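Let me begin by presenting the structure, written as structure tokens, before commenting on it.
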Amino acid sequence: MKKKTKIIWLVISLVVFAIIAFIPTPTALTGAGQIALAVTAMALVLWITEAVPYTVSATMIVGLLAVFMGLQPSLEDPTVTIGTKDALRQALSGFATPSLALVAGGLFIAVAMEATGLHKRIAFIVLDKIGTKPQSLVLGVIIVSIILALFVPSATARSGALVPIVLGIVTALKADKKSNLMKMLLVTTVTSISIWNYGIKTAAAQNLLSLQFINDAFNVDVSWIQWLIYGGPLAILMSIALFIIAPRVFKVSEEEYVSDPNAIKKELHELGPVSSNEKKLMVYSLALLVLWSTEQLIHPIDSTTVTLFVFMLMLLPVIGVMGWKEVEKGTSWGTLITFGIGISLGTILLNSGAASWVSENTLGAIGVQHLHPVMMTIVLSIASILIHLGFASATSLASVFMPIVIGLILLNPDPNFNPVGIALLQAFVISFGYILPVNAPQNMLAFGTGGYTAKDLMKVGIPITIVGVALIAILALTYWQWVGLI
């Protein structure tokens, strides 16, 4: 996007803010809620158009909330204003949550993977065992994606690890960079990363953001193993669908590349022997996996504390695997800033009543809150997928959509209704960013290589999305009812 166009969208976003902020406050909406909606609308324009970087939009959100919400009547005592100091405290409240700390810990561990090169070794070992036939390579990429999702709690970091490996495989097999082999492997990479975002609790920031809102609204924690029980089957079925669809969409002929099993062995050999830091990181990663999966089963320590404790060990002399300079250089600090502000904005939407007001006057106005839980799940899922087409970040989508979903769920008067289950399923669908390159950072990272086009992604993304909606309906009618989620 040209600089002039970005400036135009920036101006439009501020005009949208001003219009919503200064119109007469609608009935049943608080002044604080109106400002929260105005800031959210501005943020939506900025996020969809990418007129400014996400970190810049985050600072704009903080500044506008602190000033304009601070001048609004207090929710507790309407005769006094909230005050800019309290408003600023609310705007920064997301930085004091366990969810942000877990995302930070996850990004730090991703840095350790890159610093030691362990991610490459895992990938080439799997691909060496699987083979070099087209369908075998697809299976290998999916398996590597699953393994990395267990240990690298960042979709962008996993993409950053896997995409260079895929490029190396294509080069080693002497395939053209515009070949169907390249398209198949890159599209499989980004799609499988998105799929396992919701298969594993710690695999993506938007999961933790959604859980923060669920915990704030319903005072319920979802453990690592509980998330796996609920989301794992959907991710497995979607992976099987991807394994079937991708090779059929991108038909790879034997003439396109040299099917040489020794090519992968050569890549593996060039990594050299396993280093001591790789060995230590293997131990730490397995310890993390065991502690995450046994949370609330054999120990009471939460996932965030476990992650930060293990990260502490990784930094210590002798037993550590990296230094703080590597962490500083390799961490996406902008991601943490955006994530923290996203939590703050969503929490303010909930606490000010703005989310409930929007829910009641949009989806609530057509009676979605009174639908059967299965039908509500399908309708909300389709709405989320359509809205996601305009978003370049699932984290941003979660910060806006999840509070609205929770607000809608709270309107349901049925005592037998499981609000946590419905909200959790929508947390899964937040990661359905399969269709456009701009729908997820991992899509854009791979798209930047020039190895596939937007049309190539849609050829797999649209069928996978349709399969996903169908599976949500089937699991909502069967498995998720059997495990008590619906």
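We use all heavy atoms of the structure for the numbers below, so side chains are in, but hydrogens, waters and symmetry mates are not. Computed from a prediction, not measured in an experiment: that's the story for all the values here.
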Distance (rounded to the nearest 0.5 Å) between Asn207 CG and Ser431 OG: 5.5 Å
Ring centroid separation Trp292 to Phe151 under 6.0 Å: no
Please check if the number of heavy atoms outside Met322 that lie under 6.0 Å from its CE is greater than 12. yes
Smallest heavy-atom separation, Leu10 atom then Ser13 atom, equals O-OG, 2.6 Å
Between Thr30 and Gln72, does any side-chain donor sit less than 3.5 Å from a side-chain acceptor? no
Nearest-0.5 Å distance, CZ of residue Phe417 to NE2 of residue His372: 10.0 Å
With heavy-atom distances below 4.5 Å as the criterion, would you say the side chains of Val310 and Phe108 are in contact? no
Does the side chain of Gln442 reach to within under 4.5 Å of the side chain of Leu162, using non-hydrogen atoms? no
Heavy-atom distance under 4.5 Å between the side chains of Val187 and Val249, does that happen here? no
Could you verify whether a donor N or O on one side chain and an acceptor N or O on the other, from Ser239 and Trp196, lie under 3.5 Å apart? yes
Check the pair Ile422, Met376 against side-chain contact (heavy atoms from CB on, under 4.5 Å), reporting the backbone distance first and the verdict last. CA-CA 8 Å; Ile422 302 297; Met376 181 190 287; 3.9 Å; yes
Between Thr188 (side chain only) and Leu185 (backbone N and O only), is there a donor and an acceptor less than 3.5 Å apart? no
I'd like to know if the side chain of Trp324 reaches the main chain of Leu315, judged simply by a donor and an acceptor atom lying under 3.5 Å from each other, with no hydrogens or angles considered. no
Non-hydrogen side-chain atoms of Met238 and Leu471 separated by less than 4.5 Å: yes
Do side-chain atoms of Ser344 reach the backbone of Gly94 as a donor and acceptor pair under 3.5 angstrom? yes
Checking the side chain of Thr331 only, and the main-chain atoms of Glu328 only, is there a donor and an acceptor separated by less than 3.5 Å? no
Do you know which two heavy atoms are closest between Leu209 and Ala398, and how far apart they sit? CD2-CB, 3.8 Å
Can you check whether Thr377's main-chain N or O pairs, donor with acceptor, with Ser381's side chain at less than 3.5 Å? yes
Are side-chain N/O atoms of Gln426 and Ser384 paired as donor and acceptor at under 3.5 Å? no
Give, for atom CZ of Phe17 and atom OG1 of Thr40, the distance between the pair rounded to the nearest 0.5 Å. 10.5 Å
Residue pair Val111 / Glu326: nearest heavy atoms and the distance that separates them: CG1-O, 3.5 Å
Evaluation steps, side-chain contact (heavy atoms from CB on, under 4.5 Å), between His388 and Ile435: CA-CA 9 Å; His388 200 156; Ile435 297 175; over 6 Å; no
Between the CZ atom in Arg89 and the CD1 atom in Ile82, the distance rounded to the nearest 0.5 Å is 12.0 Å
Side chains of Asp77 and Ser74: do they bring a donor and an acceptor to under 3.5 Å? no
Assess the residue pair Ser192 and Leu242 against the criterion (side-chain contact (heavy atoms from CB on, under 4.5 Å)); give the C-alpha distance rounded to whole Å, side-chain angles, the decisive distance to 0.1 Å, and a yes or no. CA-CA 8 Å; Ser192 61; Leu242 177 61; 3.9 Å; yes
Do Thr97 side-chain atoms and Ser93 backbone N/O form a donor-acceptor pair below 3.5 Å? no
Hey, could you give me the CH2/CG distance between Trp357 and Leu37, rounded to the nearest 0.5 Å? 6.5 Å
Could you tell me whether the side chain of Ser359 and the main chain of Ile404 form a donor-acceptor pair under 3.5 Å? yes
Is it the case that the side chain of Lys178 and the backbone of Gly450 share a donor-acceptor pair, with hydrogens and angles ignored and the cut-off at 3.5 Å? yes
Side chain of Gln481, backbone of Ala476: donor and acceptor closer than 3.5 Å? yes
Rounded to the nearest 0.5 Å, what's the gap from CD1 on Ile195 to CD1 on Ile464? Could you check? 5.0 Å
Run the side-chain contact (heavy atoms from CB on, under 4.5 Å) check on Leu234 and Trp480 step by step: do they pass? CA-CA 10 Å; Leu234 176 61; Trp480 285 329; 4.1 Å; yes
So Trp227 and Leu424, do their side chains get closer than 4.5 Å, heavy atoms only? yes
Are the aromatic ring centres of Phe432 and Tyr198 under 6.0 angstrom apart? yes
Take atom CZ of Phe309 as the centre, draw a 6.0 Å sphere, and report whether it contains more than 12 heavy atoms from other residues, nucleotides or ligands. no
Would a 4.5 Å heavy-atom cut-off, applied to side chains only, mark Val368 and Leu371 as touching? yes
Tell me, with the steps shown, if Thr453 and Asp456 meet side chain to side chain donor-acceptor pair (under 3.5 Å). CA-CA 5 Å; Thr453 65; Asp456 292 327; 3.0 Å; yes
Check Ser399 against Trp47 and note the closest heavy-atom contact, atom names and distance. OG-CH2, 3.6 Å
Under 3.5 Å donor-acceptor, Lys459 side chain and Phe250 backbone: no
On a heavy-atom basis, which atom in Pro373 and which in Ile486 lie closest, and how many Å separate them? CB-CG2, 3.6 Å
Are Val222 and Lys201 packed together at the side-chain level, in the sense that at least one heavy-atom pair is separated by less than 4.5 angstrom? no
For the residue pair Leu436 and Asn443, establish whether any side-chain heavy-atom pair is separated by less than 4.5 Å. no
Which atoms form the tightest heavy-atom contact between Ser352 and Ala36, and what is the distance? OG-CB, 4.2 Å
